[in-house]
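Beneath this line is the structure, given in structure tokens, with notes to follow.
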Amino acid sequence: METIKIVSWNVNGVRAVYKKNFMQWLLTDQPHVLCLQETKAQDDQFPAEIAQLDGYTVYFASAQRKGYSGVATLSRLKPKSSQVGMGIEKFDTEGRLLQLDYGGFLLLNIYFPNGKQSNERLQYKMEFYDAFLKYAQNLRRQGKSLIVCGDVNTAHREIDLARPRENAKTSGFLPEERAWINRFLSQGYIDTFRMFTKEGGHYSWWDQRTRARERDIGWRIDYFFVSEDLADKVKSAFIQKDIMG
DNA sequence: TCGTACGTATA
DNA sequence: TTTTCTGCGC
DNA sequence: TATACGTTCTAGCGCAGAAAA
């Protein structure tokens, strides 16, 4: 069976990366499937060159609010079906989940809420986490195999961020957020990056305020999870840290 | 994130 | 019509 | 008093929408 390359990228504005080097990157990297988060665009606001890209079909899950959140999946493989959201209105209106059914597996492109803004948003994030776990487990009970990728907005363990002690009380590394990842994994999912890389020092997000990227003071908050039945089918998992979003 | 200022706790 | 400003979220 | 510790503050980008040019 041939190898499929799936890439996840929080672009922080699809129109902004389009003006930079998005197209060159895409034509060079040529993933079979590309999962984008934080597109910050309605379906009809996507650059036409992306929306009508030769060889790819583009699926959207945009937020109601303009310029906010939103995920999209570009696919060279034809899925059997697609679905936006979990069927829960308070979560689905923020454009955070897009599901493609490829028969052998479901691909869930997901952008979990950021909890840094306020207690209300942290609570919303935790509710989203719980709702998603229930949703995923329901799919598992239906016999589905899952690939879950995207921006989880939480570093799992101390080796997943450069400053664990300093951030023990910061959303993104709170005990309850980390505990949810533990609970999720314990229900039969694999953090694929950790299948191949055991040591720390590998990050996917860096604070802009202090130009932390230059010094590699970062967090690993973007993941590829698979349901454990797919584990032996995963060939590799890595972070392209030199690509700027 | 980092360094700092400031308040509070501890000996 | 284009540029500049303010506000929001991250 | 002297020291330790915990809390606080805080940039710049991408976008929307209104105002100004």
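Values below: every heavy atom of this structure, side chains too, minus hydrogens, waters and symmetry copies. Just so we're on the same page: letters track the sequence lines, and every chain starts at 1.
Counting to the nearest Å, the P atom of dT10(D) and the CG atom of Asn167(A) are 18 Å from each other. A straight line from NZ of Lys116(A) to P of dG12(D) spans 18 Å, rounded to a whole angstrom. Spacing between atom CG of Asp207(A) and atom P of dT10(D) amounts to 14 Å, rounded to whole angstrom units. Here dT10(D) presents its P atom at 15 Å from CD of Gln117(A), a figure rounded to the nearest Å. Trp206(A) has its CH2 atom 15 Å from the P atom of dC2(B), to the nearest Å. Protein atom NZ of Lys169(A) is 7 Å distant from nucleotide atom P of dG6(D), rounded to whole Å. Put simply, CD1 on Ile217(A) is 14 Å from C1' on dG3(B), counting in whole angstrom units. When the P atom of dG14(D) is taken as reference, atom OH of Tyr68(A) falls 18 Å away, rounded to whole Å.
Using a 4.0 Å cut-off between a side-chain N of Lys or Arg and a carboxylate O of Asp or Glu, Arg194(A) and Asp160(A) qualify as a salt bridge. A salt bridge is absent between Arg165(A) and Glu158(A); no separation between the charged side-chain nitrogens and carboxylate oxygens falls under 4.0 Å.
Aromatic ring pairs are classed by plane angle as parallel below 30°, tilted from 30° to 60° and perpendicular above 60°; the pair Phe128(A) and Phe91(A) is perpendicular. Between Phe22(A) and Trp25(A), the ring planes lie tilted relative to each other; the angle falls in the 30° to 60° range.
Residue contacts for Gln45(A): at a heavy-atom cut-off of 4.0 Å it reaches the sugar-phosphate backbone alone, with no base atom in range. Using a 4.0 Å heavy-atom cutoff across all strands shown, Arg211(A) reaches no nucleic acid atom at all.
Under the side chain to side chain donor-acceptor pair (under 3.5 Å) test applied with Gln123(A), the options Lys125(A), Glu120(A), Glu127(A) reduce to a single match, Glu127(A).
Near DNA chain D, meaning a heavy atom under 4.0 Å away, there are no residues from residues 171-178 of chain A.
Cation-pi check for Lys116(A) over Trp205(A) is met; the charged atom lies under 6.0 angstrom from the ring centroid and within 45 degrees of its normal. A cation-pi geometry, defined here as NZ or CZ lying under 6.0 Å from the six-membered ring centre and within 45° of its normal, does not hold between Arg220(A) and Tyr203(A).
Within the structure, every side-chain polar atom (N or O) of Arg209(A) is placed at least 4.0 Å from both OP1 and OP2 of dC2(B). One finds a side-chain N or O of Arg215(A) lying less than 4.0 angstrom from the OP1 or OP2 phosphate oxygen of dC2(B). Within the 4.0 Å cut-off from OP1 or OP2 of dC15(D), not a single side-chain nitrogen or oxygen of Lys66(A) is found.
Residues Tyr124(A) and Gln117(A) have side chains that never bring a donor and an acceptor to within less than 3.5 angstrom of each other.
Comparing the C1' positions of dT8(D) and dT8(B) gives an interatomic distance of 14 Å, to the nearest angstrom.
The nucleotide dC2(B) finds no pairing partner, because no Watson-Crick or G-U wobble arrangement with both distances shorter than 3.5 Å includes it. Across the strands present, dT8(D) finds no partner; the criterion is a Watson-Crick or G-U wobble pair with both atom distances under 3.5 angstrom.
Shown here for Ala155(A) and Arg178(A), the closest heavy-atom pair between the two residues is O-CG, 3.6 Å.
Protein chain A touches strand DNA chain C; the 5'-most and 3'-most nucleotides with an atom under 4.0 angstrom of its non-hydrogen atoms are dC8(C) to dC10(C).
Leu108(A) and Val226(A) fall into different hydrophobic clusters, where Ile, Leu, Val, Met, Phe, Trp and Tyr are joined by side-chain heavy atoms under 4.5 Å apart, directly or via other members.
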